[in-house]
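Just below is one structure, and these are the notes that go with it.
Atoms considered below: every heavy atom in the structure, side chains included; atoms not considered: hydrogens, waters and symmetry mates. Small disclaimer: the values here were computed from a predicted structure and weren't measured. Numbers for residues simply follow the sequence, beginning at 1.
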Amino acid sequence: MAETEATLLRQFPLFLPQNRSKTVYEGFISAQGRDFHLRLLLPKDLQLRNARLLCSWQLKTALNGYHHIVQQRMQQSPDLVSFMMELKMVLEAALKNKKEPYVLPSPPKFYSSLIGEIRTLGWDKLVFVDPCFSTIKLKADVSGREHLITVKLKAKYPAESPDCVVDFPVPFSVSWTPQSSLISIYTQFLAALESLKTFWDVMDEIDEKTWVLEPEKPTRSATARRIVLGNNVSINIEVDPRHPTMLPECCFLGADHVVKPLGIRLSRNIHLWDPENSLLQNLKDVLEIDFPARAILEKSWLRGLLTSRQSFNIIFGECPYCSKPITLKMSGRKA
């Protein structure tokens, strides 16, 4: 109960209880930059289905044509927080449609259906919805990673399949019928996330345990990494997201006298590749190297660069790989 009250206060700070039993709430709900006064009377058992909603004339006018949806939501919402969030969404949609009289608004049933679908999914999954309910963003947390899906509804939804935008390394297509809903999209989204879990585990390990030169800020759809192997030598790998623990495409970058031995090791040890091990561990085994961490390499080659200079315990220089400025703070203790 305390958590629900805290959520209500956070989402609707201008809508407050007026008595200790919390059977009367009064205040304002905001939508489209405007505040609307309302008062809610709850029975002693606090059940919403028997509550009375008293709206100011401005709010009544704004909700004209949507009153039955509000009543339906009051009958079906599991708690006050859910009802207020649903009321806000209906109000946003109503105001948006009134601002654009030349755009044929979707029927009230459209909004009622969508709100019900979002409520079934859970409000914690909702990241964004525009006032027209044409763009909806949902999130999912899998293995500590947050993933987003943007659903763009078309005019004939649900008869027409919506467009879905995700940050995946493989195409994502939704199986759709006129009876489908946001719930079916989200279910397919979760299944796709699960199928790519090993790929993201592989890429996250590389990002955490090696020095990745490119991309600087990899997206979840990025399948390539350029990794530092040592002074003036790196490897570019292209990982197959469907088979992330298999040998990736490899390209060594650097001087011939450094790159050639690496290529020989790869050819000689390729039989050691074990798909049961992580991709990073396999690279270590076949190349017979330990991938250096960024901090270690910065310390050991930065001082020797002709372009580097030291001021007290700070060294300034340029990265020999990408020519970007590097600043390294050295320990004040002597070895």
Side-chain angles (χ1 to χ4, degrees), residues 1-101 103 105-139 151 153 182:
M1 187 69 178
E3 183 179 349
T4 301
E5 293 172 3
T7 303
L8 182 66
L9 182 61
R10 185 170 60 254
Q11 296 290 340
F12 303 94
L14 301 179
F15 186 66
L16 302 171
Q18 302 299 304
N19 58 7
R20 289 185 178 181
S21 58
K22 297 181 180 177
T23 58
V24 179
Y25 281 79
E26 187 169 4
F28 296 86
I29 185 172
S30 301
Q32 295 283 301
R34 297 169 59 187
D35 294 330
F36 297 87
H37 183 263
L38 73 163
R39 182 179 175 90
L40 184 68
L41 307 179
L42 294 165
K44 291 182 179 181
D45 60 6
L46 303 181
Q47 294 298 309
L48 273 168
R49 61 178 177 269
N50 297 319
R52 289 182 58 205
L53 179 64
L54 307 177
C55 303
S56 64
W57 70 268
Q58 292 96 336
L59 184 56
K60 283 183 179 178
T61 302
L63 290 173
N64 186 35
Y66 294 82
H67 291 292
H68 66 289
I69 297 180
V70 174
Q71 289 298 321
Q72 182 189 64
R73 298 272 58 86
M74 189 180 293
Q75 293 293 316
Q76 299 178 359
S77 295
D79 52 54
L80 182 55
V81 174
S82 298
F83 169 69
M84 289 298 293
M85 294 184 74
E86 293 173 6
L87 176 61
K88 181 180 175 68
M89 293 176 68
V90 171
L91 181 57
E92 291 272 5
L95 291 171
K96 181 69 175 179
N97 286 331
K98 284 179 170 60
K99 281 185 177 180
E100 299 178 359
V103 178
S106 300
K109 184 180 178 182
F110 170 85
Y111 301 107
S112 177
S113 175
L114 273 180
I115 290 173
E117 291 175 25
I118 295 172
R119 178 160 51 84
T120 301
L121 276 175
W123 289 104
D124 57 319
K125 309 290 193 308
L126 182 66
V127 176
F128 168 82
V129 59
D130 71 342
C132 289
F133 282 50
S134 59
T135 301
I136 298 173
K137 289 186 180 181
L138 303 170
K139 69 177 180 179
V151 182
L153 305 180
L182 285 179

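Separation of atoms CG (Leu87) and SG (Cys55) is listed at 7.0 Å; rounding is to 0.5 Å. Interatomic distance, NZ of Lys44 versus OG1 of Thr23, reported as 9.0 Å (0.5 Å rounding). Rounding to the nearest 0.5 Å gives a distance of 7.5 Å between CG of Asp79 and OG of Ser77. Atom CD1 of Ile69 and atom CD of Glu86 lie 11.0 Å apart (nearest 0.5 Å). Taking OG from Ser21 and CG from Leu42, the interatomic distance works out to 9.0 Å, rounded to the nearest 0.5 Å.
For Arg39, the side-chain hydrogen bond (donor to acceptor under 3.5 Å, both in side chains) test picks out Glu26, with sequence neighbours left out. Applying the side chain to side chain contact (heavy atoms under 4.5 Å, CB included) rule to Thr61 yields the partners Trp57; only residues at least two apart in sequence or on another chain are considered. Every residue two or more places apart in sequence or in another chain that forms a side chain to side chain contact (heavy atoms under 4.5 Å, CB included) with Thr120 is listed here: Ile183. The side chain to side chain contact (heavy atoms under 4.5 Å, CB included) check on Arg49 picks up Gln47, Gln75, with sequence neighbours excluded. In this structure, Phe12 has no ring-ring contact (aromatic ring centres under 6.0 Å, His included) partners at least two apart in sequence or on a different chain. The ring-ring contact (aromatic ring centres under 6.0 Å, His included) check on Phe128 picks up nothing, with sequence neighbours excluded. For Gln76, the side chain to side chain contact (heavy atoms under 4.5 Å, CB included) criterion is met by Gln72, Arg73, Arg119, not counting sequence neighbours. Residues forming a ring-ring contact (aromatic ring centres under 6.0 Å, His included) with His67 (at least two apart in sequence, or on another chain): none. Checked against side-chain hydrogen bond (donor to acceptor under 3.5 Å, both in side chains), Asn50 has no partners two or more places apart in sequence or in another chain. For Ser134, the side-chain hydrogen bond (donor to acceptor under 3.5 Å, both in side chains) partners two or more places apart in sequence, or in a different chain, are Asp130. Under the rule for a ring-ring contact (aromatic ring centres under 6.0 Å, His included), Phe83 has no partner lying at least two apart in sequence or in another chain.
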Subject >> Residue pair Lys96, Glu92: steps toward the side chain to side chain contact (heavy atoms under 4.5 Å, CB included) verdict >> reply: CA-CA 6 Å; Lys96 181 69 175 179; Glu92 291 272 5; over 6 Å; no
Subject >> Test log, rule side chain to side chain contact (heavy atoms under 4.5 Å, CB included), inputs Leu126 and Leu121 >> reply: CA-CA 9 Å; Leu126 182 66; Leu121 276 175; over 6 Å; no
Subject >> Worked verdict on Phe133 versus Met89 for side chain to side chain contact (heavy atoms under 4.5 Å, CB included) >> reply: CA-CA 9 Å; Phe133 282 50; Met89 293 176 68; 3.5 Å; yes
**OP:** Report the C-alpha distance between Leu46 and Leu80 in whole Å, list the side-chain angles of each, state the deciding distance to 0.1 Å, and finish with yes or no for side chain to side chain contact (heavy atoms under 4.5 Å, CB included).
**Re:** CA-CA 9 Å; Leu46 303 181; Leu80 182 55; over 6 Å; no
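Counted within 6.0 Å of NZ on Lys137, heavy atoms from surrounding residues, nucleotides or ligands total 12 or fewer; the atom is thus considered open.
Across every non-hydrogen atom of Ala94 and Ala62, the tightest pair is CB-O, 3.3 Å. Contact record, Tyr25 with Pro17: CD2-N, 3.5 Å, taken as the closest heavy-atom pair. For the residue pair Met74 and Ala51, the shortest heavy atom distance occurs at SD-O, 3.6 Å. When every heavy atom of Ile136 is checked against every heavy atom of Leu182, the shortest pair comes out as CD1-CD1, 3.9 Å.
The list of salt bridge (charged side-chain N to carboxylate O under 4.0 Å, His left out) pairs with a residue in residues 55-64, not counting sequence neighbours, is empty.
Side chain of Lys125 to main chain of Ile118: no donor-acceptor pair is present (N/O by atom type, distance under 3.5 Å, no hydrogens or angles). Side-chain atoms of Gln32 never come within 3.5 Å of backbone atoms of Leu95 as a donor-acceptor pair (strictly under, hydrogens ignored).
In this pair, His37 and Phe28 present their aromatic rings perpendicular. The plane angle is above 60°, beyond the 30 to 60° band.
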